[in-house]
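Every chain is numbered from 1 and lettered A, B, ... according to where its sequence line falls, protein lines coming before strand lines. Every value quoted in this text rests on a predicted model; they were computed, and no experiment measured them.
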Amino acid sequence: MTRILREAFVIVVLGVILSIGADLAVPGGVFRDLEAARTELDLLVPVHFVSARALHQGLESGTWSLIDARGRRDHQRSHPKGSVSIPAAFFDPPEHAAELSSVLGALRSPRIAVMMYRDDLEDARAVAQALLLDHGFQYAATVDGGFEAWERAGLPVETAP
Amino acid sequence: MTIASLEHPEGVGRRAMKIAVILARFLLAVLFLAAGALKGMHPKESVLSVGSYHLTPDWISIAAGISLPGIEVVLGASMLTGFCLRGATVVSGTLGILFAGGVISAIVRNLDTECGCFGNLAITPRADFRTLGLEVAIVLLSALVLVKAHSTSTRQGIQRSSDRSVHRA
């Protein structure tokens with residue numbers, strides 16, 4: 001048993017030495033700028049996810065708002081009932097800042113969800129993070145499975161506007 | 001399959017076990033080498049991946065994020081070469097359990113976070129049940145390799161001590 005633990009210790013020590021060497025060798029290593037890494041960690045805010053069905057119930061009870069962050073054309077073609085269209089590109093400041101703040105200001109529910117297509121999860125996550133960091137929301141989530149999951153669940157959709 | 005192993009069912013079992021262990025070591029080696037190399041190229045992403053689980057204070061996220069890539073590469077090399085193999089399986093199993101704990105906690109909290117298992121390569125875009133399956137597989141494969149490596153080592157120890165007794169006699 002002691003021998004196994006000794007071997008495990010050797011593995012960990014070798015790994016840490018290798019890691020430190022690699023970190024110093026690559027550009028943008030953490031050791032070069034520990035303060036920057038700490039700042040980026042502080043900016044990490046927890047984004048949650050919500051299922052389409054739970055979100056639908058939340059929209060009906062008024063505890064959730066839903067932002068459809070897909071393109072405007074996709075929104076006009078078909079969108080979840082009760083969603084507000086704000087394409088993800090609008091979150092790139094400062095061009096749409098005024099429009100964005102007026103639309104977001106009208107949303108009063110304690111929780112806000114961002115919906116895109118299933119494959120655009122990273123963009124949806126980025127929008128949710130922007131809502132938490134820049135727009136004062138306390139709880140933001142992405143929709144599990146995206147718009148496809150909403151349609152698959154047979155939940156109500158609308159066409160334009 | 002040899003004629004001898006057909007005659008002795010135990011031989012078939014032993015051979016199957018040997019093949020399973022070789023496969024397990026190869027799989028673990030590929031997984032750890034890929035994970036370590038991909039994370040090692042972007043250490044800051046590795047730190048942020050640990051931090052995105054919101055389980056650890058900043059200094060632990062930084063220490064773990066920096067250390068993980070190297071440890072994973074050494075684990076992969078150990079699985080391939082057999083260097084400190086039993087210790088490597090203990091480390092890989094422990095890592096698998098810790099990662100599984102993190103993923104379970106993310107699922108329970110409905111946390112939308114990248115698994116971060118392979119750096120920027122989003123094989124599983126969210127820490128979910130698929131990620132949990134991967135971690136459980138790592139724990140099971142590590143246990144299989146450890147059991148086999150330990151029994152082989154014990155057998156060799158017994159053989160050596162019996163050889164010494166015969167030599168003394």
Side-chain angles (χ1 to χ4, degrees), chain A residues 1-51 54 113-114 118-122 124-125 128-129 139-145, chain B residues 32 36-37 39-54 56-59 61-78 83-95 106-107 109-114 122 125-126 128 146 149-150 153:
Chain A
M1 190 64 186
T2 322
R3 192 168 167 193
I4 295 178
L5 291 178
R6 209 162 46 221
E7 286 184 6
F9 182 72
V10 169
I11 293 284
V12 172
V13 170
L14 284 177
V16 171
I17 292 170
L18 183 64
S19 292
I20 293 171
D23 185 77
L24 292 173
V26 297
V30 179
F31 274 125
R32 286 172 204 267
D33 197 351
L34 271 174
E35 206 47 51
R38 208 169 286 151
T39 309
E40 285 196 42
L41 278 171
D42 288 341
L43 288 176
L44 283 178
V45 282
V47 172
H48 296 81
F49 65 88
V50 59
S51 72
V114 180
R118 191 182 56 204
D119 291 340
D120 300 328
L121 178 60
E122 273 189 42
R125 203 180 275 149
Q129 269 173 350
Y139 191 101
T142 58
V143 181
D144 195 12
Chain B
F32 280 121
K39 279 190 211 134
M41 286 188 280
H42 307 281
K44 196 181 276 180
E45 294 296 324
S46 171
V47 168
L48 293 177
S49 288
V50 177
S52 70
Y53 282 85
H54 299 278
T56 47
D58 285 359
W59 67 272
S61 301
I62 291 173
I66 292 174
S67 309
L68 268 175
I71 293 174
E72 287 176 335
V73 167
V74 173
L75 282 176
S78 170
F83 168 74
C84 289
L85 185 61
R86 291 181 302 166
T89 57
V90 169
V91 176
S92 66
T94 308
L95 281 182
I107 293 171
R109 290 178 292 156
N110 283 352
L111 200 63
D112 182 4
T113 181
E114 279 178 28
R126 177 184 288 156
D128 56 10
L146 175 63
H150 193 60
S153 165

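- When all heavy atoms are compared, the tightest approach of A:His48 to B:Arg109 is CD2-O, 3.1 Å.
- No part of B:Tyr53 comes within reach of chain A, as not one of its non-hydrogen atoms sits under 4.5 angstrom from that chain.
- We find the CG-CD1 distance between A:Leu34 and B:Ile66 to be 6.0 Å, quoted to the nearest 0.5 Å.
- Interface remark: B:Val90 contributes side-chain atoms only to the contact with chain A (heavy atom separation under 4.5 Å).
- Here the closest heavy-atom approach between residue A:Arg125 and residue B:Thr113 is recorded as NH2-C, 4.0 Å.
- Per-residue heavy-atom pair counts under 4.5 Å with chain B were compared for A:Leu44, A:Leu5, A:Leu18, and the maximum is reached by A:Leu44.
- Contact of A:Leu121 with chain B is made through the side chain alone, with heavy-atom distances under 4.5 Å.
- Among the candidates A:Val12, A:Val30, A:Val26, the residue making the largest number of heavy-atom pairs closer than 4.5 Å to chain B is A:Val30.
- With values rounded to the nearest 0.5 angstrom, A:Arg3 atom CZ is found 5.5 Å from B:Arg86 atom CZ.
- Using a 4.5 Å heavy-atom cutoff, the side chains of B:Asn110 and A:Asp144 are not in contact.
- In this structure, CG on A:Leu14 lies 7.5 Å from SG on B:Cys84, to the nearest 0.5 angstrom.
- With contacts defined as side-chain heavy-atom distances shorter than 4.5 Å, the pair A:Phe49/B:Asp128 does not qualify.
- In this structure, chain B has no heavy atom under 4.5 Å from any part of A:Val50.
- Scanning all heavy atoms of the two residues, the minimum distance from A:Ser19 to B:Gly70 falls at OG-N, 2.8 Å.
- For residues 35-48 of chain A, the pairs satisfying salt bridge (Lys or Arg N to Asp or Glu O under 4.0 Å) are A:Glu35-A:Arg38, A:Glu40-B:Lys44, with sequence neighbours left out.
- At a threshold of 4.5 Å between non-hydrogen side-chain atoms, the residues A:Ile11 and B:Leu75 count as touching.
- No side-chain donor-acceptor contact under 3.5 Å links B:Ser67 to the backbone of A:Val16.
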